[in-house]
2 protein chains.
Amino acid sequence: MNIGEVAKMADLPIKTIRYYEEIGFIQPKRSANGYRSFRESDVHKLAFLGRARSLGFSIEDCRALLQLYENDTRASADVKQIAQEHLTRIDAKVKELQAMRITLSHLIEACAGDDRPTCPILSDLATLS
Amino acid sequence: MNIGEVAKMADLPIKTIRYYEEIGFIQPKRSANGYRSFRESDVHKLAFLGRARSLGFSIEDCRALLQLYENDTRASADVKQIAQEHLTRIDAKVKELQAMRITLSHLIEACAGDDRPTCPILSDLATLS
DNA sequence: CTAAAGCCTCCACCCGCTGGAGGGTCAAGC
DNA sequence: GCTTGACCCTCCAGCGGGTGGAGGCTTTAG
């Protein structure tokens with residue numbers, strides 16, 4: 001399979017697939033013309049990576065997950081730990097964003113949003129903490 | 001004032017202040033020895049920027065906000081619009097993270113997390129969508 | 001035979017800093 | 001006067017995770 005077909009099957013941009021090869025996620029062979037030649041298993045790996053990335057796992061998490069995926073003697077505890085740590089990071093991020101959200105929505109509510117210069121949003125930003 | 005003092009007052013890393021000069025947020029003069037020489041107004045601007053950044057505004061948002069801040073004839077509507085758009089982006093991000101969170105927490109719950117290789121997390125990731 | 005589509009490599013860029021190398025300057029203590 | 005250490009400077013590289021484009025092959029369709 002050529003890269004274009006694989007890109008459609010794994011639902012990933014061509015550039016991303018080449019990048020994933022560069023960082024060692026896959027090692028497709030080359031045809032005589034220099035084109036990458038992908039196997040079914042590459043498509044599976046790429047789909048796996050795409051799904052993991054869409055759940056927000058970092059590239060390094062993906063690398064670890066991929067290794068576990070390919071390791072028959074893995075312990076599910078190792079997978080769970082990676083996922084758990086990632087969930088913790090997500091929760092932290094959500095909290096951070098929600099804190100911003102609250103402050104911001106209060107400021108927006110307080111702002112007249114007309115043609116006058118007085119603005120509680122700017123006043124807040126200008127406040128020395 | 002030298003950069004170190006300013007960094008403490010505005011609660012920003014020195015590197016960040018130099019970067020903010022580089023991208024045109026401030027234009028401190030130079031002393032004879034080549035050191036940056038900051039005014040009170042620079043400290044105010046930097047604190048403003050720090051606060052805006054901590055609310056998640058992008059650098060380009062900050063640039064616009066700073067211009068409005070310094071413009072006596074601004075319309076608060078312009079400020080409000082920037083804030084509103086930013087809030088919308090935050091909401092989108094929160095939703096995205098929460099969707100990940102839900103999927104991920106279900107998978108984690110379903111995973112035994114022991115020394116056996118069977119793992120619903122990996123099974124899910126490997127599922128072709 | 002030609003045009004378009006597809007593939008290749010390589011390099012630069014995005015954001016918002018951050019770290020480090022390799023240096024000059026200044027204030028305090030001896 | 002000299003050293004030490006804290007400051008300051010510039011310049012370059014790198015983070016994550018790709019993305020865009022230039023410039024050039026190859027393959028395929030008509």
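Naming convention: chains lettered A, B, ... in sequence-line order (proteins, then strands); numbering from 1 in each chain. The figures that follow rest on heavy atoms only: side chains count, while hydrogens, waters and symmetry mates do not.
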Proximity to the side chain of A/Ser58 - top-ranked nucleotide from D/dG17, C/dT25, C/dT18:
D/dG17
Take the protein atom CG of A/Leu12 and the nucleotide atom C1' of D/dG17, then report the distance between them rounded to whole Å.
12 Å
Of the listed C/dC8, D/dC8, D/dT19, the closest approach to the A/Arg36 side chain comes from C/dC8
Measure the distance from CD on B/Glu60 to P on C/dC17 and round it to the nearest whole Å.
12 Å
Could you tell me whether B/Arg63 and B/Glu60 have a side-chain N and a carboxylate O separated by less than 4.0 Å?
yes
Of A/Tyr35 and A/Arg30, whose nearest nucleotide on DNA chain C comes first from the 5' end?
A/Tyr35
Measure CD1/A/Ile14 against P/C/dT9 and give the value in whole Å, please.
13 Å
Which part of the nucleic acid, if any, lies within reach of A/Arg18 when heavy atoms closer than 4.0 Å are counted: base, sugar-phosphate only, or nothing?
base
Donor-acceptor pair under 3.5 Å: do we get one between A/Lys15's side chain and the base of D/dG17?
no
Are OP1 or OP2 of C/dT18 and a side-chain N or O of B/Thr16 less than 4.0 angstrom apart?
yes
With no angle test and no hydrogens, is the base of D/dG18 tied to the side chain of A/Tyr20 by a donor-acceptor pair under 3.5 Å?
no
Find out whether A/Phe48 and B/Leu122 are in side-chain contact, i.e. whether some heavy atom of one side chain is under 4.5 Å from a heavy atom of the other.
yes
What's the closest nucleotide to the B/Tyr19 side chain, out of C/dC17, C/dC7, D/dT19?
C/dC17
What is the distance, rounded to the nearest whole Å, between atom CG of B/Asp61 and atom C1' of C/dC15?
13 Å
Nearest-angstrom distance from the residue atom CD of A/Glu21 to P of C/dC10:
12 Å
Nearest-Å distance, CD1 (B/Ile17) to C1' (D/dC9)?
15 Å
Out of C/dC17, C/dT25, C/dC7, minimum distance to the side chain of B/Arg53 belongs to C/dC17
Please check if A/Phe38 and A/Leu66 belong to a single hydrophobic cluster, counting links between Ile, Leu, Val, Met, Phe, Trp and Tyr side chain heavy atoms closer than 4.5 Å.
yes
Lys/Arg-Asp/Glu bridge criterion (N-O < 4.0 Å) met for B/Arg30, B/Glu21:
yes
Less than 4.5 Å apart, side chain to side chain, heavy atoms only: is that true for B/Leu87 and A/Ile108?
yes
Quick one: on DNA chain C, does B/Ile59 or B/Asn33 contact a more 5' nucleotide (nearest heavy atom)?
B/Ile59
Using a cut-off of 4.0 Å on non-hydrogen atoms, how would the nucleic acid contact of A/Ile23 be classed: base, sugar-phosphate, or nothing?
nothing
Tell me the interatomic distance from B/Glu22, atom CD, to C/dC15, atom C1', rounded to whole angstroms.
13 Å
Given D/dG17, is OP1 or OP2 found less than 4.0 Å from the side-chain N or O atoms of A/Arg63?
no
Atom pair distance, as rounded to whole Å: CG in B/Leu49 and C1' in C/dC17:
14 Å
